[in-house]
Amino acid sequence: MKLNIEGLLVYFPYDYIYPEQYSYMLELKRTLDAKGHGVLEMPSGTGKTISLLSLIVAYQREYPLEVTKLIYCSRTVPEIEKVVEELRKLMEFYSKETGEKNNILALALSSRKNLCVHPEILHANIIVYSYHYLLDPKIADLVSKELSKKSVVVFDEAHNIDNVCIDSMSVNITRRTLDRSQANVETLQNTILKIKETDAAKLKEEYRRLVEGLKEANVARETDIYMSNPVLPDEILQEAVPGSIRTAEHFVGFMKRFLEYLKARLRIHHVVQESAPQFLKDIFEKVCIDRKPLRFCAERLRSLLRTLEIADIADFSAITLISNFATLVSTYSKGFTIIIEPFEDRTPTIANPVLHFSCMDPSIAIKPVFERFQSVIITSGTLSPLDIYPRILDFRPVTVASFTMTLARTCLCPLVVGRGNDQVAMTSKFETREDFAVIRNYGNLLLEMSAIVPDGIVAFFTSYTYMENIVASWYEQGILENVQRNKLIFIETPDAAETSMALEKYQEACENGRGAILLSVARGKVSEGIDFVHHFGRAVIMFGVPYVYTQSRILKARLEYLRDQFQIRENDFLTFDAMRHAAQCVGRAIRGKTDYGLMIFADKRYARADKRGKLPRWIQEHLTDGSLNLTIDETVQLSKHFLRQMEDQLGLSLLTLEQLQSEDMLQKIAQIAHQA
Amino acid sequence: MAALSEEVLLVVKRVRQRKQDGTLYLMAERIAWGPEGKDRFTVSHLYADIRCQKISPDGKAKIQLQLVLHTGESTNLHFSNESTALKDRDAAKDLLQQLLPKFKKRANKELEEKNRMLQEDPVLFQLYKDLVVCQVISAEEFWANRLSINNVDHSLSNNKQEVGISAAFLADIRPQTDGCNGLRYNLTSDIIESIFRTYPAVKQKYGENVPHNMTEKEFWTRFFQSHYFHRDRINTGLQDIFSECAKQDEKGLKSMVFQGVKNPMVDLLSLEDKSLDEGYGSNSTAPSTSNTNKTVKENSNSAIIKRFNHHSTMVLAAGSGKKADAPNGQACETSSTDGNSRDSDFFQPPIKKVKIQDVIEYEDLHRENGKKTVALNLKKSDRYSHGPVPLLPQQYTTSQDIVNSVNCIKQEIASYKPCLTQVMSSSTASCAIAALSPGGVLMQALAQQAINQMVPNDVQGELKHLYTAAGELLRHFWSCFPVNTLFLEEKVVKMRSNLERFQMTKLRPFQEKVQRQYLSTNLTGHLEDMFQMAYNKFHAWQTRRMMRKT
């Protein structure tokens with residue numbers, strides 16, 4: 001159908017449209033008009049992607065000078081492939097409707113193996129790739145830095161975007177890294193010697209270039225050709241490379257010294273935590289390395305590798321890592337912390353020193369993106385509470401909206417189970433999680449559900465170790481044997497290949513009518529990337545609240561930073577983080593309006609307002625007082641009732657073109673959309 | 001008329017039937033009796049027709065055997081050889097006892113099949129009532145060419161469906177203490193079967209050791225004592241004969257994992273566009289998986305998890321009748337082709353593409369295109385709507401003419417260009433369409449329209465039944481042509497009389513009823529035409545045959 005979104009003609013490749021899709025497009029259009037950033041939450045399965053693509057492509061056609069490019073970032077490879085497929089569908093619809101040959105060039109990058117498509121990127125109207133291509137400075141510099149300012153950037157499935165940002169800026173250095181760097185440095189030294197004999201002019205030319213400084217890059221940045229790179233700080237662009245590392249030999253010697261220093265730092269017996277300035281002070285005192293040359297390290301190494309015409313940069317990944325670390329640590333006095341641990345907490349007898357250079361501020365990595373592109377859209381099925389993302393990513397959105405799923409029938413049924421039939425509280429709280437009664441009650445819940453839910457059940461635990469312990473004691477208590485009478489059991493393991501097979505068998509068992517249970521882990525690969533549509537997941541059970549492991553020093557440092565810089569209280573952040581993962585887990589089962597499923601939150605803490613309030617609106621809406629703090633029996637009764645209701649299909653919540661043209665209906669849609 | 005090839009299993013002399021002496025023969029497929037001194041059987045029953053046999057109680061003077069047929073008829077056989085009567089009877093009885101169940105299954109299946117067909121298909125059931133119950137044709141004739149259609153899936157249903165395995169079969173063994181420091185395990189043949197099917201390695205061990213090395217009981221005792229059975233233990237005991245099984249399981253699991261998954265959407269390995277290099281990231285220190293760092297408890301926990309996955313996989317595989325682990329050679333082959341296809345990164349395997357398209361499709365956002373119907377493919381549609389038409393000198397449009405004109409119209413419509421300056425207003429246009437639609441002002445001359453309003457519903461229903469029944473009979477009749485075998489000759493004669501009988505017993509009463517209700521329309525005219533056509537054909541055939549004979 002062809003839609004009129006506030007004066008913009010949008011081709012939408014379906015005959016009907018969901019009301020929320022219409023509202024979504026409306027908000028999106030307003031964001032683009034304002035040339036600002038937006039945060040939009042809409043449940044999965046309501047056609048977020050196609051709405052985004054339809055509107056932005058239409059916008060591009062209508063205002064080709066305002067928006068030249070769509071950069072669509074998603075998280076996993078299947079997600080990217082889905083986007084490409086939807087795009088193809090849209091393009092087919094366009095050429096069918098308009099009769100003209102499609103003149104939009106779309107490009108998908110799905111693996112770093114295909115990096116040599118550089119010129120094409122500049123011409124494509126639509127680029128689909130993974131977050132890293134934009135957020136990871138190492139890749140962004142290669143792939144994305146020349147992308148036009150007038151691009152619209154979409155981060156889909158963005159509920160974890162802060163972690164991606166942090167990951168892309170954090171560095172870990174182990175003894176092995178240092179050893180390999182040492183080898184790298186030696187190779188460099190030898191290559192330099194060789195080149196000196198054969199082609200000394202080349203090194204001289206490089207030297208000349210370095211005296212000139214990084215003017216080129218500076219000019220480029222000032223004239224706005226490039227997106228800035230957080231590893232290439234502004235200050236160094238104006239200066240020449242310091243003399244102490246300008247010749248190749250000097251630089252190699254400098255790196256050697258730096259490596260020796262790091263080695264010494266790893267030779268410790270107790271945990272050290274320090275800030276970047278402290279680190280710089282220490283390095284100056286101990287080995288007289290100044291801040292300034294450190295900042296040029298990454299750029300200097302790149303230049304050297306280019307000059308030496310080294311083809312396989314991958315071999316030099318270790319030394320590249322070290323040089324990146326050097327630049328980052330000397331550039332950012334805030335937002336990072338350095339933690340040196342002599343051994344793993346679990347194995348205090350085995351020396352395995354690691355230097356964590358940990359980014360605590362996700363806004364550092366994403367800042368260039370917000371600064372460069374006129375519209376950045378952060379969207380996902382679970383972004384609640386919406387206000388936290390602008391805070392931790394440090395940007396000012398022009399639109400913030402959450403759309404609910406309009407349903408003719410309530411196809412999701414969230415229930416909070418707080419007690420066993422013996423009235424013992426059910427919780428994964430640290431103090432009681434090993435409690436025999438809690439484990440037994442969890443087991444009984446699974447057993448009861450396995451008897452009444454058809455086909456597939458997915459259960460998530462808060463961590464892998466916790467799941468292992470529970471499975472073992474369920475096995476000893478004979479609970480699993482009884483579960484097996486109803487369904488087959490498959491369990492996620494740390495091995496991805498093994499888990500893939502278990503997943504496939506799980507689906508096979510759901511498919512052939514046997515029914516199965518998948519025991520899995522929140523924050524694991526399954527919870528983040530696998531959908532359990534229809535009979536593959538008729539119920540999701542979330543055992544406990546998936547808090548992150550709070551004893552980690554890195555996390556503690558991050559929490560402190562959040563408190564000091566963004567005034568976000570530790571508990572608020574931890575709860576937010578736990579709830580977004582819980583929402584992701586339970587959301588795995590509902591992937592559309594024709595789907596239906598139970599969402600069972602098995603922890604009494606979910607009933608509290610501070611937890612419940614952080615669930616996405618589309619789940620919260622269906623969580624009534626009657627579905628809180630239930631016993632297992634009550635849960636079973638409610639579930640049975642729900643499943644019976646679901647047996648008879650289906651109402652529809654669709655809009656036709658005629659309805660969209662009526663004034664009343666538009667008002668109604670607006671009303672629904674703004675209830676948030 | 002005993003066929004020569006028939007194998008005779010038992011011959012019993014001096015068996016009386018209806019007070020006549022004779023000989024009883026038990027053949028491979030039937031039981032037969034012939035009177036003394038004649039070389040033909042007066043009694044012959046297929047085993048499949050026999051519902052059961054009954055024998056006279058011991059001590060009775062007459063030693064008899066009664067055969068009860070499915071039709072309800074029965075045949076009494078009296079064994080009259082004084083000295084060996086009892087022995088003869090028992091010999092016959094024993095043999096029958098062995099033979100009957102074999103045929104019974106087949107017979108039952110056929111009966112079941114027939115029953116099912118009748119229940120599932122109300123039209124067929126009505127036909128059955130009209131034709132067989134009213135004895136227009138015999139049941140055999142009725143089924144003759146129906147069951148043959150079903151023979152295909154009949155043979156399919158012959159290889160019987162395997163019963164799946166309960167995932168909890170090990171739980172059913174539930175050991176119980178016997179009160180004197182021992183454990184009792186409940187082991188049934190079903191459970192043993194389940195164990196063998198789920199764990200082929202155990203079956204192999206069983207084959208190797210029982211009964212040469214140990215008794216069956218000993219084998220299972222050891223099994224229950226083994227670490228293998230208790231999944232939470234790590235295999236250490238070397239003398240445990242089942243430690244090898246565990247290794248084999250492990251190997252099987254590994255090869256399955258190595259083969260990877262067929263469904264790309266669940267492949268966790270290719271989920272991420274991995275781009276963080278080693279050393280980057282906030283928690284890149286992966287949990288060490290080496291055993292050295294793990295406690296015994298952790299090891300046993302992960303062993304349990306592995307076993308559960310393995311168990312469920314094997315149960316699933318045993319249930320679906322497939323071997324879980326394909327031979328290794330095949331695995332290598334597939335992986336090598338995978339390697340080749342990787343060259344073209346833009347090429348997506350079709351299965352993946354289909355899956356993705358499946359996922360992104362929003363069914364409910366599409367307009368429904370109605371139910372898909374099967375188009376009737378008719379070469380000559382007039383045959384369908386009028387039946388064979390006699391060549392009468394009258395104005396008649398052949399089907400070809402109609403098809404041609406329809407095509408003409410189609411073409412004209414396809415190239416139709418509306419002259420937008422001269423179009424009707426939409427209201428006038430819809431008026432015109434209404435007038436030209438059935439029931440519209442211009443369409444009232446159509447007689448068909450009236451019939452379904454004039455004739456009461458029950459008569460209509462009856463007429464429908466008559467049509468199906470007559471159609472069935474006529475189908476039988478026409479299927480005899482060309483008459484080129486003796487059997488068909490007989491059948492065609494029989495079918496003609498069947499047709500006549502149908503006309504008398506069914507059609508006439510209906511006609512009378514219609515007349516009584518003073519319905520003016522001739523409802524049965526077409527039916528009678530069809531019958532007449534058949535009679536004419538039969539007549540023509542008969543005269544030609546007579547001519548040939550004379």
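Letters A, B, ... mirror the listed sequences (proteins, then strands); counts begin at 1.
- Only the side chain of A/N324 comes within contact range of chain B, with heavy atoms under 4.5 Å apart.
- Here CE of A/M467 is found 4.5 Å from CD1 of B/I305. Values are rounded to the nearest 0.5 Å.
- Of all the heavy atoms in B/L316 and A/L488, the pair that sits closest is CD1-CD1, 3.6 Å.
- When heavy atoms are compared at a cutoff of 4.5 Å, A/R591 does not approach chain B at all.
- Looking at A/T499, the atoms closer than 4.5 Å to chain B (heavy atoms on both sides) sit in the backbone and in the side chain alike.
- Closest heavy-atom contact between A/E468 and B/S302: OE2-CB, 3.4 Å.
- In this structure, a donor-acceptor pair under 3.5 Å is absent between the side chains of A/D136 and B/Y280.
- The number of heavy atoms from other shown groups lying within 6.0 Å of NZ (B/K306) does not exceed 12.
- Within the model, atoms CD of A/E476 and CD1 of B/I304 stand 6.5 Å from one another, a figure rounded to the nearest 0.5 Å.
- When heavy atoms are compared at a cutoff of 4.5 Å, A/Y464 approaches chain B solely by way of its side chain, counted from C-beta outward.
- Note on A/I489, A/L503, A/T493, A/L555: by heavy-atom pairs under 4.5 Å with chain B, the leading option is A/I489.
- A donor-acceptor pair under 3.5 Å links the side-chain atoms of B/Y362 to the main chain of A/G47, judged by distance alone.
- Taking A/F357, A/Y14, A/F12 one by one and counting their heavy-atom pairs under 4.5 Å with chain B, the maximum is reached by A/Y14.
- Of the listed residues (B/V266, B/L269, B/N309, B/V257), the greatest number of heavy-atom pairs within a distance under 4.5 Å of chain A belongs to B/N309.
- Closest heavy-atom contact between A/S500 and B/L268: OG-N, 3.0 Å.
- Distance check: A/E498 CD to B/H310 NE2 gives 11.0 Å after rounding to the nearest 0.5 Å.
- Among A/M1, A/R176, A/E79, the residue making the largest number of heavy-atom pairs under 4.5 Å with chain B is A/R176.
- Of the listed residues (A/E492, A/K89, A/M169), the one with the most heavy-atom contacts under 4.5 Å to chain B is A/K89.
- Interatomic distance, A/I530 CD1 to B/M265 CE, rounded to the nearest 0.5 Å: 8.0 Å.
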Using the rule given for side chain to side chain contact (heavy atoms under 4.5 Å, CB included), can you reason through A/Q484 versus B/V315, listing the C-alpha separation, both sets of side-chain angles and the distance that settles it, and then say yes or no?
CA-CA 11 Å; A/Q484 276 181 319; B/V315 167; over 6 Å; no
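- For A/A502, the part lying near chain B is the side chain, with the backbone staying farther off; criterion is any non-hydrogen pair under 4.5 Å.
- No part of A/S44 comes within reach of chain B, as not one of its non-hydrogen atoms sits under 4.5 angstrom from that chain.
- Separating the CE atom in B/M256 from the NZ atom in A/K505 is a distance of 6.5 Å, to the nearest 0.5 Å.
- When the candidates A/V483, A/L480, A/T177 are compared by the number of heavy-atom contacts under 4.5 Å with chain B, A/L480 comes out ahead.
- When A/V533, A/V171, A/L321, A/N469 are compared by the number of non-hydrogen pairs under 4.5 Å with chain B, A/L321 comes out ahead.
- Here NZ of B/K262 is found 12.0 Å from CD of A/Q507. Values are rounded to the nearest 0.5 Å.
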